[in-house]
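Data block below; observations after.
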Amino acid sequence: GSLLLGGHGIAQELHPDTLKESRELKHGDQDRIWSIIADHTFIYTGSDDGVRRFRRGEEEPEEKVLAGRRIYCLVLDGDRIYANVAGEEVHIVENCSGSLASSTATRFFQSPVKGSLEDRGMDISARGIALVGHHLYVSSRPFDVHKFLASSLEKGPVGVFSIEPLDPRSTWVTAITGFGNMLAVIYGGSTEIAVFDTVRGLRVHSHKKPYHGHVGEIFDMCVY
């Protein structure tokens with residue numbers, strides 16, 4: 001395996017033991033890489049200029065989709081990708097291991113919040129996409145989570161529920177992730193972490209320990 005890093009104008013693949021760079025994945029100098037995911041064959045990057053696909057071991061991208069759109073988050077689900085586009089929409093890219101350039105990127109969710117982006121910031125959490133079983137969850141401002149059946153996204157959400165925080169400092173959901181039947185949630189403005197049972201539809205755990213000092217907001221998480 002490799003360690004994949006995405007940053008401002010550069011994405012790198014590092015050797016997992018020495019952390020020495022084995023190759024650079026070519027992007028524009030000003031192209032910020034917000035998300036990077038991989039399977040056994042390809043590496044996908046989400047940046048200020050769409051989704052690029054790299055074949056493992058190669059430095060030049062093979063293809064690109066959603067060019068010119070900022071991609072905050074990518075989630076891989078077999079041969080499809082879910083992409084958070086500019087914090088406003090979520091698109092699905094089908095057949096991502098085939099011809100990516102000819103793949104259709106279809107919007108299946110748009111933020112219900114109205115107004116200018118300058119006034120409201122991102123409506124869809126930057127890390128607000130999670131797969132739990134056969135369902136896809138998308139979080140939007142401030143504490144709503146939209147539940148979709150992954151096999152029929154075009155029918156719209158099958159449910160919307162609020163994940164209200166317990167900490168009064170919490171401002172909105174910054175990231176969600178799935179593990180087992182659970183949905184883990186973190187909030188901006190505080191260090192609160194909540195875990196919800198998606199089967200029973202209830203909160204099973206909350207934690208407010210300041211892991212990162214006295215202020216220490218948490219912006220992302222993963223399950224391993």
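Sequence positions, counted from 1, serve as the residue numbers for this chain. This structure is a prediction, so every number in the text was calculated from the model and none was measured.
Considering every non-hydrogen atom in both Glu192 and Pro165, the closest pair reads OE1-CB, 3.3 Å. Nearest heavy-atom pair across Val145 and Leu183 is CG1-CD2, 4.4 Å. Nearest heavy-atom pair across Ser190 and Asp167 is CB-OD2, 3.6 Å. Closest of all the heavy-atom pairs between Lys147 and Thr198 is NZ-O, 4.4 Å. The nearest pair of heavy atoms linking Asp39 to Phe42 is OD1-N, 2.6 Å. Closest approach of Trp172 and Phe143 over heavy atoms only: CA-CE2, 3.5 Å.
Counting only heavy atoms from C-beta outward, the side chains of Val90 and Phe108 approach each other to under 4.5 Å. Between Ile36 and Ile43, some side-chain heavy-atom pair lies under the 4.5 Å cut-off.
Only one option out of Thr45, Asp48, Asp49 pairs with His27 in a side chain to side chain donor-acceptor pair (under 3.5 Å); it is Thr45. Paired with Glu13 under the rule salt bridge (charged side-chain N to carboxylate O under 4.0 Å, His left out), one option of Arg55, Arg23, Lys26 passes, and it is Arg23. For the side-chain contact (heavy atoms from CB on, under 4.5 Å) test with Ile81, the passing option among Val75, Ile92, Leu74, Ile71 is Leu74; the others fail.
The distance from atom CD of Glu58 to atom CG of Leu25, rounded to the nearest 0.5 Å, is 10.5 Å. Asp220 contributes atom CG, which lies 6.0 Å from atom CD1 of Ile186 (distance to the nearest 0.5 angstrom). In this structure, CZ on Arg80 lies 12.5 Å from OG on Ser97, to the nearest 0.5 angstrom. Rounding to the nearest 0.5 Å places CD of Glu60 at 9.5 Å from CD of Glu24. Taking NZ from Lys64 and CZ from Arg52, the interatomic distance works out to 4.5 Å, rounded to the nearest 0.5 Å. Separation of atoms CG (Leu14) and CD (Gln12) is listed at 5.5 Å; rounding is to 0.5 Å.
Shown here are the salt bridge (Lys or Arg N to Asp or Glu O under 4.0 Å) partners of Arg53, two or more places apart in sequence or in another chain: Glu62, Glu63.
Inspection of the Asp123 and Ser140 side chains reveals no N or O donor paired with an N or O acceptor under 3.5 Å. A donor and an acceptor atom, one from each side chain of Arg141 and Ser111, are nowhere located under 3.5 Å apart.
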Stepwise side chain to side chain contact (heavy atoms under 4.5 Å, CB included) check, Leu136 with Tyr82: CA-CA 9 Å; Leu136 183 76; Tyr82 307 108; 3.7 Å; yes
Derivation of the side chain to side chain contact (heavy atoms under 4.5 Å, CB included) call for Leu149 and Lys155: CA-CA 9 Å; Leu149 189 61; Lys155 295 182 179 179; over 6 Å; no
Ser47 vs Ile33, side chain to side chain contact (heavy atoms under 4.5 Å, CB included): CA-CA, chis, key distance, verdict: CA-CA 4 Å; Ser47 72; Ile33 296 90; 4.3 Å; yes
Test side chain to side chain contact (heavy atoms under 4.5 Å, CB included) applied to Arg69 and Glu89, step by step: CA-CA 11 Å; Arg69 305 296 304 276; Glu89 305 168 349; 3.6 Å; yes
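Between the side chain of Asn84 and the backbone N or O of Arg127 there is no donor-acceptor pair closer than 3.5 Å.
If you chain together hydrophobic residues whose side chains sit under 4.5 Å apart, Val185 and Phe161 fall into the same group. In this structure, Leu131 is not a member of the same hydrophobic cluster as Phe196, with clusters built from ILVMFWY side-chain heavy atoms closer than 4.5 Å. The hydrophobic clustering, which links ILVMFWY residues whose side-chain heavy atoms are closer than 4.5 Å, places Ile129 and Val173 apart. Hydrophobic clustering (side-chain heavy atoms under 4.5 Å, transitive across Ile, Leu, Val, Met, Phe, Trp, Tyr) groups Val93 together with Leu76. Hydrophobic clustering keeps Ile124 apart from Tyr137 (ILVMFWY residues linked when any side-chain heavy atoms are closer than 4.5 Å, directly or through intermediates).
Taking the six-membered ring for Trp and the full ring otherwise, Phe148 and Phe109 have centroids separated by under 6.0 Å.
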